[in-house]
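Read the structure below first, then the notes.
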Number of protein chains: 2
Amino acid sequence: MPLLEERSELDLVVWPEDRACDRAWLLDNITGAAGVIVTLTDKIWIAGPSLKVVSTMSVGYEHVDLKAVAQQGLKVGYTPDVLTDAVADLSVMLALMAGRNGGIGTSVVQKGEWKNYSWAPFGFCGPQLSTTSASPKRTIGFLGFGRIAQATLARLVPFGVTHCLYSSNPTSPANHARDAELAAKYKLQAVKKVDVDDVARESDVLFVLAPGGNDTYHLVNEELLKKMKKTSVLINASRGTLVDSDALAKALHEGWIWGAGLDVVEGEPNISVDHPLVKEPRCVIVPHIASATLETRRAMATRAAQNLIAGLLGGQMPAQVDLANIS
Amino acid sequence: MPLLEERSELDLVVWPEDRACDRAWLLDNITGAAGVIVTLTDKIWIAGPSLKVVSTMSVGYEHVDLKAVAQQGLKVGYTPDVLTDAVADLSVMLALMAGRNGGIGTSVVQKGEWKNYSWAPFGFCGPQLSTTSASPKRTIGFLGFGRIAQATLARLVPFGVTHCLYSSNPTSPANHARDAELAAKYKLQAVKKVDVDDVARESDVLFVLAPGGNDTYHLVNEELLKKMKKTSVLINASRGTLVDSDALAKALHEGWIWGAGLDVVEGEPNISVDHPLVKEPRCVIVPHIASATLETRRAMATRAAQNLIAGLLGGQMPAQVDLANIS
């Protein structure tokens with residue numbers, strides 16, 4: 001905010017509360033504005049004639065109608081990179097919680113039921129993320145293999161990961177040189193782009209870290225979940241739309257996979273206690289907090305302000321969405 | 001179990017349930033036994049005259065009265081090493097959960113309250129485990145720096161850890177060569193034994209991973225907690241007795257530290273909903289599951305059987321407690 005306030009050329013109108021902006025307030029105040037900083041919850045599909053720059057404080061921009069803004073010649077800024085580490089941290093947390101009864105365990109204690117569970121040799125057991133001498137192979141899979149996925153992989157290396165398989169945008173070719181470099185750096189037996197089914201079949205932990213939008217809608221569905229290992233866990237820290245919630249609930253209920261860890265759920269935040277995934281004990285859900293660290297949110301806000309200032313007053317936007325191929 | 005069953009020299013008496021053994025059953029059946037395999041919940045303080053070997057399926061052996069068994073000339077086996085990775089995995093999980101609202105977040109969703117929390121720039125924010133360009137230093141502290149602590153450190157290196165401070169048994173000297181080797185291997189600015197107060201003062205994440213027993217009773221008390229950073233988190237994956245629960249609850253309630261992640265609590269499993277730590281929202285508690293993976297519990301059972309067989313039938317016990325200095 002100081003970044004914006006010190007620009008006397010800019011006339012600031014600021015939503016005064018620390019919560020998502022009311023739609024009516026946004027529509028009232030965007031009229032006549034030259035630029036706007038928005039968050040994920042603000043859908044941008046019509047822009048007034050004065051608007052030049054949309055700067056979103058998020059790594060995703062599926063809430064912005066790119067076609068409409070491209071036609072009007074607007075610039076769109078976003079905040080990649082700065083939240084990579086926070087999201088990777090949370091992805092590792094969810095992977096551990098999904099395998100190790102993180103949700104069930106905390107819930108048992110919170111309800112005062114610990115005393116009902118006497119120590120048992122196999123009580124509260126789950127699949128181990130780390131390799132063991134009896135179980136020396138671990139395959140980590142990624143649907144989407146961008147910055148966040150690679151940062152997550154890096155964090156899992158000391159857990160003994162041996163193989164990394166990923167699938168990504170079918171139109172972009174595999175980057176063999178990059179993959180060979182990663183495999184060498186992390187001493188992995190493979191880092192390899194394969195098709196989605198093979199990622200599902202082989203992975204012990206499957207991370208969904210791809211963009212939202214139509215192209216990836218329900219990428220994780222019944223068919224894919226049925227291919228996964230019974231001891232595997234599914235993690236989604238990207239967008240709820242990539243995972244079919246009913247299919248995942250069925251997969252957990254019928255034991256097709258071991259567990260799940262979700263930072264996002266389709267239809268959030270309207271997720272009631274009756275939601276099929278909330279009712280699955282082996283489904284750990286946190287309320288879209290993957291980038292929620294003090295350090296990262298400050299960096300995202302700074303980047304969004306820098307994008308807006310550059311877009312309006314001239315200069316290179318630190319992170320601009322490429323609209324050249326949008327039509 | 002097959003390991004024991006195939007030994008026709010041994011007459012097996014087995015507690016038939018997958019839960020901790022009833023005390024009365026143990027006392028009835030231990031009479032006349034030459035060896036016994038026990039778990040943490042079985043206190044061994046008097047041994048019958050026929051008993052030669054106590055094999056505990058645990059890394060700790062504070063539930064065995066070493067003085068009494070040493071005087072009787074018994075051998076004691078335990079299961080170190082095999083659970084190192086499972087406990088290190090869980091320690092990382094708790095560190096992430098304690099910082100990133102893992103407990104509060106899952107609870108909000110479980111109660112159907114997600115809809116009440118609209119996205120806010122600093123909603124659900126916590127301190128970030130990973131370093132950022134604005135916050136490039138992370139100090140990880142350990143009270144106790146054995147196998148599990150070192151395995152935990154290894155897992156945190158890719159999160160950007162820069163410094164490692166530890167304190168350990170005051171009578172054992174610092175191992176400068178080992179520390180220099182670890183610092184070089186992990187590219188850390190320091191791996192250093194310091195006094196307990198300095199570990200508390202400097203750490204962003206403080207792991208308690210020391211043995212239980214009288215020497216470490218309430219090592220983490222009010223005085224120590226007051227020295228910690230307001231943004232730090234405390235993790236205990238060793239024994240509940242090391243941490244004064246009332247002091248920790250006070251520290252969390254009054255904001256001396258940011259959060260806590262506990263696998264163990266003094267007095268467990270009798271921890272009710274009124275327990276001061278259960279009532280602290282930033283205290284994540286799981287019911288003593290640090291070694292609870294299928295892989296590890298199988299390995300622990302195997303090691304306990306091997307210890308018993310070697311102790312009774314001859315040969316080197318794979319892991320024997322050194323009773324030479326017990327008197």
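Chain naming here is simple, since letters A, B, ... match the order of the sequence lines and numbering starts at 1 in each.
Heavy atoms of A:A86 lying under 4.5 Å from chain B belong to its backbone as well as its side chain. In this structure, the portion of A:K111 lying under 4.5 Å from any heavy atom of chain B is its backbone and not its side chain. The parts of A:T296 that come within reach of chain B are both its backbone and its side chain, each placing non-hydrogen atoms under 4.5 angstrom from that chain. Heavy-atom distances place the backbone of B:D263, and not its side chain, under 4.5 Å from chain A. When heavy atoms are compared at a cutoff of 4.5 Å, B:T131 approaches chain A solely by way of its backbone atoms N, CA, C and O. Within the 4.5 angstrom heavy-atom criterion, only backbone atoms of B:S291 (N, CA, C, O) approach chain A.
A donor-acceptor pair shorter than 3.5 Å cannot be found between the side chains of B:Q110 and A:S107. Remark: the B:T132 side chain and the A:E295 side chain contain no N/O donor-acceptor pair separated by less than 3.5 Å.
In terms of heavy atoms, A:R297 sits closest to B:C125 at CG-SG, 3.6 Å.
When atom types are taken as modelled, the side chain of B:R155 and the backbone of A:R155 share no donor-acceptor pair closer than 3.5 angstrom. B:R19 places no side-chain N or O within 3.5 Å of a backbone atom of A:G123 that could act as its donor or acceptor partner.
Test B:T293, B:D89, B:D85 against A:S130 for side chain to side chain donor-acceptor pair (under 3.5 Å) and you get one pass: B:D89. Put simply, the residue from B:L277, B:V273, B:I285 that forms a side chain to side chain contact (heavy atoms under 4.5 Å, CB included) with A:V109 is B:I285.
Atom NZ of B:K185 is surrounded by 12 or fewer heavy atoms from other residues, nucleotides or ligands within 6.0 Å.
Of the listed residues (A:K115, A:K279, A:M57), the greatest number of heavy-atom pairs within a distance under 4.5 Å of chain B belongs to A:K115. For the options A:V82, A:D274, A:T106, heavy-atom pairs under 4.5 Å to chain B are most numerous at A:T106.
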